[in-house]
Each structure stands twice: as structure tokens, then as C-alpha cells.
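Letters go in sequence order (proteins before strands), and every chain restarts at 1. Keep in mind that what you see is a predicted model, and the values were worked out from it rather than measured.
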2 protein chains.
Amino acid sequence: MTEQTRLPVWCGGEEWCPVTSTATLIGRKWHPVIVERLLDDGPMGFSELKEAVDGISSKVLSDVVEDLEQKELLDRAIISEKPFRVQYSLTDRGADLRPVIEAMDRWGRDHLQSASDEEESIV
Amino acid sequence: MTEQTRLPVWCGGEEWCPVTSTATLIGRKWHPVIVERLLDDGPMGFSELKEAVDGISSKVLSDVVEDLEQKELLDRAIISEKPFRVQYSLTDRGADLRPVIEAMDRWGRDHLQSASDEEESIV
DNA sequence: CGGCATCCACATGGATACTG
DNA sequence: CAGTATCCATGTGGATGCCG
């Protein structure tokens with residue numbers, strides 16, 4: 001279970017497909033946002049992260065960070081034992097996702113912004 | 001079921017989150033590759049697309065293109081009735097995903113390439 | 001604080017077979 | 001060609017509650 005990093009996926013017959021391979025790593029509902037929060041606000045603890053992402057349950061957040069850790073996109077460090085504290089930070093691999101996250105952010109703002117404005121009442 | 005376009009997702013309490021919103025649209029295993037293939041090779045039919053993505057089953061491809069169509073990222077046109085033919089092409093929204101796809105492609109090549117080389121025997 | 005346990009609903013992906 | 005039908009396994013997300 002420790003070698004989750006390598007999930008080569010092939011497409012088009014013979015060719016290995018970087019896009020699908022990448023998609024299988026971060027192509028989930030919450031994965032990208034968590035990376036984004038860590039990119040923008042730096043390392044943080046569990047609850048802090050949960051706040052930053054708000055809307056995610058602790059169970060799901062727990063699942064996701066564990067998954068991201070296995071994929072070596074983020075590190076989990078135990079900062080303190082007595083008042084038990086951990087800190088999540090991005091690995092270099094994880095930080096390198098910045099262009100992907102930024103492109104998603106840009107696209108979202110360009111194409112979904114107005115829709116969200118219109119339905120702001122949903123909040 | 002026709003208003004799938006608008007799926008505003010909020011994060012961080014009050015703020016609307018473009019990244020998560022985008023992730024809910026294309027954050028799946030096959031969605032990004034399909035967009036990539038259409039970006040690279042232009043409009044194509046069902047089987048052509050299935051070939052290009054190879055590894056996907058017709059059922060899943062069928063599900064995904066229907067989903068992408070609902071999300072207005074892709075158009076489905078019936079080209080011919082007698083020999084029944086359709087053609088899938090990207091909408092402008094869909095084509096605008098190029099930066100996202102390219103960033104994913106880049107990241108995949110930079111971070112997963114060697115792993116795939118090493119385990120090429122898996123193919 | 002930083003989770004895990006449990007239970008559940010639904011989404012996603014895949015195999016196989018079949019059709020107009 | 002372009003799917004649909006069926007069945008099934010697993011994944012993903014969410015609610016609630018509890019714990020050291």
C-alpha cells in the first residue's frame with residue numbers, strides 16, 4: 001500500500017497517458033482544493049485545513065489527506081504530542097501542482113463565476 | 001437535469017471556490033483525457049474517441065460524454081442517419097480547458113514519466 | 001485538537017453481451 | 001457505427017458520534 005505513487009496509465013494503445021495518470025491522482029472533488037489551500041496559506045493543522053476548505057467533513061478530509069500523503073503530494077508531521085498537533089505541508093511534487101490548480105482556478109472564475117453570482121442565494 | 005452547468009461550490013465559509021467547482025466538473029478519471037483528445041485531434045466520432053482513449057469501455061465513454069455534454073463542455077452532432085454517425089467536438093468552454101489539461105500533462109510528464117518507464121512491463 | 005468508527009447513499013468504473 | 005442493457009465491485013462523499 002506504500003507504492004501508490006506509481007500508477008502509470010496508458011492510452012491510445014501504446015502510449016502512456018500523462019493526463020489520465022495525473023487525473024487518477026488528483027481528479028477528485030476535494031483533492032485540488034486542499035492542495036490549493038496549502039499552496040496559498042502554507043502548512044497547517046487538521047482543523048485549520050478543515051476550516052479553510054469548509055464544507056468537507058472530518059472523515060472525508062481524513063481520507064483525502066491520507067490519500068495525498070500516500071501519493072507523496074503532501075507531508076504529515078507531528079508537531080506536538082501533549083496537545084496533539086500535526087501539520088500538513090506540500091511536498092515538492094505537490095507544490096509543483098500549482099500550475100494545474102491555477103489553471104483550474106482561472107477556468108472556474110472565467111466560466112462559473114457568473115453562475116455562482118446568480119445563485120448566491122443558495123448560500 | 002439540463003442545468004448541470006451551474007454547480008457553485010463554496011469553501012472557506014463565505015467564499016465561492018473556483019477550484020472545487022471546476023473539480024466537480026472535470027475531476028474524474030476520464031474526463032480530462034477526453035477533452036485532451038478532442039483538443040489535439042479535433043472533432044471525432046464515438047469509436048474514434050474510444051480508440052484515442054483506449055482502455056475505456058463503451059459504457060463508461062458513453063456515460064462520460066453524456067456528462068460532458070450536459071456540462072456544456074462538449075457538443076454532440078449527428079452527422080449522418082443512414083450509416084449512423086455522430087461527431088463530438090468541444091464547446092468554447094470546453095476548449096478553454098486547454099491550460100488545465102496542458103498543466104496536467106506537464107505535471108504528469110515531469111513527475112510520473114520515470115515511474116512509467118520503470119514499470120513498462122506492466123503493459 | 002485530530003482524528004477514527006460506523007453506517008449509508010450514490011457515483012464511478014468495468015465486463016460482457018446485444019442491438020438498430 | 002454508436003451505442004444500450006445488465007450486473008457487479010469498488011470508490012467517494014456525507015452524517016453522526018465517540019475518543020485520547
Would one find a side-chain N or O of [X] under 4.0 angstrom from OP1 or OP2 of [N]?
{"X": "B/K29", "N": "C/dG14", "value": "yes"}
{"X": "A/S62", "N": "C/dC4", "value": "yes"}
{"X": "A/W30", "N": "D/dG11", "value": "no"}
{"X": "A/R85", "N": "C/dC1", "value": "no"}
{"X": "A/Y88", "N": "C/dG3", "value": "yes"}

Round to a whole Å and report the spacing from [atom1] of [X] to [atom2] of [N].
{"X": "B/D67", "N": "D/dG3", "atom1": "CG", "atom2": "P", "answer": "15 Å"}
{"X": "A/F46", "N": "D/dG20", "atom1": "CZ", "atom2": "C1'", "answer": "15 Å"}
{"X": "A/I78", "N": "C/dG3", "atom1": "CD1", "atom2": "C1'", "answer": "12 Å"}
{"X": "B/E69", "N": "D/dA2", "atom1": "CD", "atom2": "P", "answer": "14 Å"}
{"X": "B/K71", "N": "C/dA11", "atom1": "NZ", "atom2": "C1'", "answer": "11 Å"}
{"X": "A/E66", "N": "C/dG3", "atom1": "CD", "atom2": "C1'", "answer": "11 Å"}
{"X": "B/L25", "N": "C/dT12", "atom1": "CG", "atom2": "P", "answer": "12 Å"}

By nearest-heavy-atom nucleotide on DNA chain D, the more 5' of A/F84 and A/I56 is A/I56
Ranking A/S58 and B/E48 by the position along DNA chain D of their nearest nucleotide, the one closer to 5' is B/E48
(message) Using a heavy-atom cut-off of 4.0 Å across all strands, would you classify A/V60 as base, sugar-phosphate, or nothing?
(response) base
For A/K50, which contact category applies under a 4.0 Å heavy-atom criterion: base, sugar-phosphate, or nothing?
nothing
message: Is it the case that the side chain of A/T91 and the backbone of A/E72 share a donor-acceptor pair, with hydrogens and angles ignored and the cut-off at 3.5 Å?
response: yes
* Asked: Under the 3.5 angstrom rule, does the side chain of A/K50 hit a backbone N or O of A/I56 as a donor-acceptor pair?
  -> yes
Using the closest heavy atom to pick a nucleotide of DNA chain C for each, name whichever of A/D63 or B/H31 lands nearer the 5' end.
->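 Comparing both residues, the 5'-ward one is A/D63.
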All heavy atoms of B/E36 vs all of A/C17, minimum pair found to be OE1-SG, 4.2 Å
Hey, does the side-chain of [X] have a donor or acceptor N/O within less than 3.5 Å of a partner on the base of [N]?
{"X": "B/S57", "N": "C/dT16", "answer": "no"}
{"X": "B/K59", "N": "C/dG13", "answer": "yes"}
{"X": "B/S80", "N": "D/dC1", "answer": "no"}

Given the options A/I101, A/L90, A/L97, A/V33, A/L38 meets side chain to side chain contact (heavy atoms under 4.5 Å, CB included) only with A/L90
Once you round to the nearest 0.5 Å, how far does CG of B/D54 lie from CG of B/L49?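 Going from CG on B/D54 over to CG on B/L49, the span is 11.5 Å.
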